[in-house]
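We use all heavy atoms of the structure for the numbers below, so side chains are in, but hydrogens, waters and symmetry mates are not. This chain uses plain numbering: 1 for the first residue, then up along the sequence. Both counts, for ligands and for their atoms, begin at 1 and track the order of listing.
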Amino acid sequence: MREDMTKKEIEAMPIEEVVAKSNLRHIAFIMDGNGRWAKKRLLPREAGHKVGADNFKTIVRYCKKIGMECCTVYAFSTENVKRPQREVEALFRLLISFIEEAGEEKDIEFRFIGEPGELGETIGKRTRELEEATRGRPYRLNIAFNYGGRAEIVRAVNSLIAEGKREITEDELSARLYTAGRPEPDLIVRTGAEMRISNFLLWQAAYAELYFTDRLWPDYTTADVDEAVREFASRSRRFGGLDAADAVRGV
Ligand code: FPP
């Protein structure tokens, strides 16, 4: 529990103020539960991904509105290619149509983290073009696509080895990650009732607060974001140290 703001005060504050006062700059989402959402409705899994993709836009826009600097979403892991071809192709189509409509987003600087280019020439070209066209914009969005956290770290280490380094620092490694130059996540939200990280932002999550909810991603709402943000604000982040008050008291 933090000591400068009580739970009651946090509940009463406008959400933008909660974001600002708690120094929350970056939320990352593990968008889980599309398949179960579809199954409950006797629909194909792809229908869940479609609603999930629409919801992803709503949530990302909302995070910007309440004052976030950066947002990351886990849209496709390196393991997801093992899914049935029909589902994988549906996810690729959703990505392409998302990129085609991304012109609507005026403030977003897009970055694709992972190796989307390995999934085909079209995806590689479109993702690169969107990154280039939106460079320098204020709100940063990382879309993890064909992403794996361990592979990201190995790639970073290999690039340092290739430069001839024999000993490395944390800063050097961070600077070789896909997320270089962007803030680390303060809060990681996973929907869909699973409580694991699933190879997502392994390095960057070192001090992130974790938040798990049973809500399936297509049902996840902006009110749910507020709930996670208020919970984040009520936690005391010590980064391995002590609360200021405890440090002074020596307890
Ligand atoms: C996990 O749910 C979700 C995914 C593997 C894909 C997430 C993708 C989106 C929300 C939309 C994609 C957005 C873009 C821009 C392409 P699951 O399928 O594992 O659900 P389940 O656990 O209920 O089966």
Can you produce the list of protein nitrogen or oxygen atoms under 3.5 Å from a nitrogen or oxygen of ligand 1, alongside each distance?
residue	atom	partner	partner atom	Å
ligand 1	2 (O)	D32	OD1	3.2
ligand 1	2 (O)	G33	N	3.3
ligand 1	18 (O)	R45	NH2	2.8
ligand 1	18 (O)	R83	NH1	2.8
ligand 1	19 (O)	D32	OD1	3.3
ligand 1	19 (O)	R83	NH2	2.8
ligand 1	20 (O)	G33	N	3.4
ligand 1	20 (O)	N34	N	3.3
ligand 1	20 (O)	G35	N	3.0
ligand 1	22 (O)	D32	OD1	3.0
ligand 1	22 (O)	R36	NE	3.4
ligand 1	22 (O)	R36	NH2	3.0
ligand 1	23 (O)	G35	N	3.4
ligand 1	23 (O)	R36	N	2.7
ligand 1	23 (O)	R36	NE	2.7
ligand 1	24 (O)	R45	NH1	3.1
ligand 1	24 (O)	R45	NH2	3.1

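- In E227, the CD atom is not crowded: 12 or fewer heavy atoms of neighbouring residues, nucleotides or ligands sit closer than 6.0 Å.
- The salt bridge (charged side-chain N to carboxylate O under 4.0 Å, His left out) pairs that include a residue from residues 11-20 are E17-K21, where partners are two or more places apart or lie in different chains.
- Grouped by direct or indirect side-chain proximity (heavy atoms under 4.5 Å, Ile/Leu/Val/Met/Phe/Trp/Tyr only), F200 sits with I30, Y74, I113, Y147, I153, V157, L160, I161, I168, L173, L177, Y178, I188, M195, I197, L201, L202, W203, L210, F212.
- Taking the side chain as every heavy atom from C-beta outward, D186 and F232 approach each other to under 4.5 Å.
- Annotation: cation-pi geometry not satisfied between R215 and W217 (NZ/CZ under 6.0 angstrom from ring centroid, within 45° of ring axis).
- Within the structure, salt bridge (charged side-chain N to carboxylate O under 4.0 Å, His left out) pairs that include any residue of residues 51-60 comprise K50-D54, K57-E101 (at least two apart or interchain).
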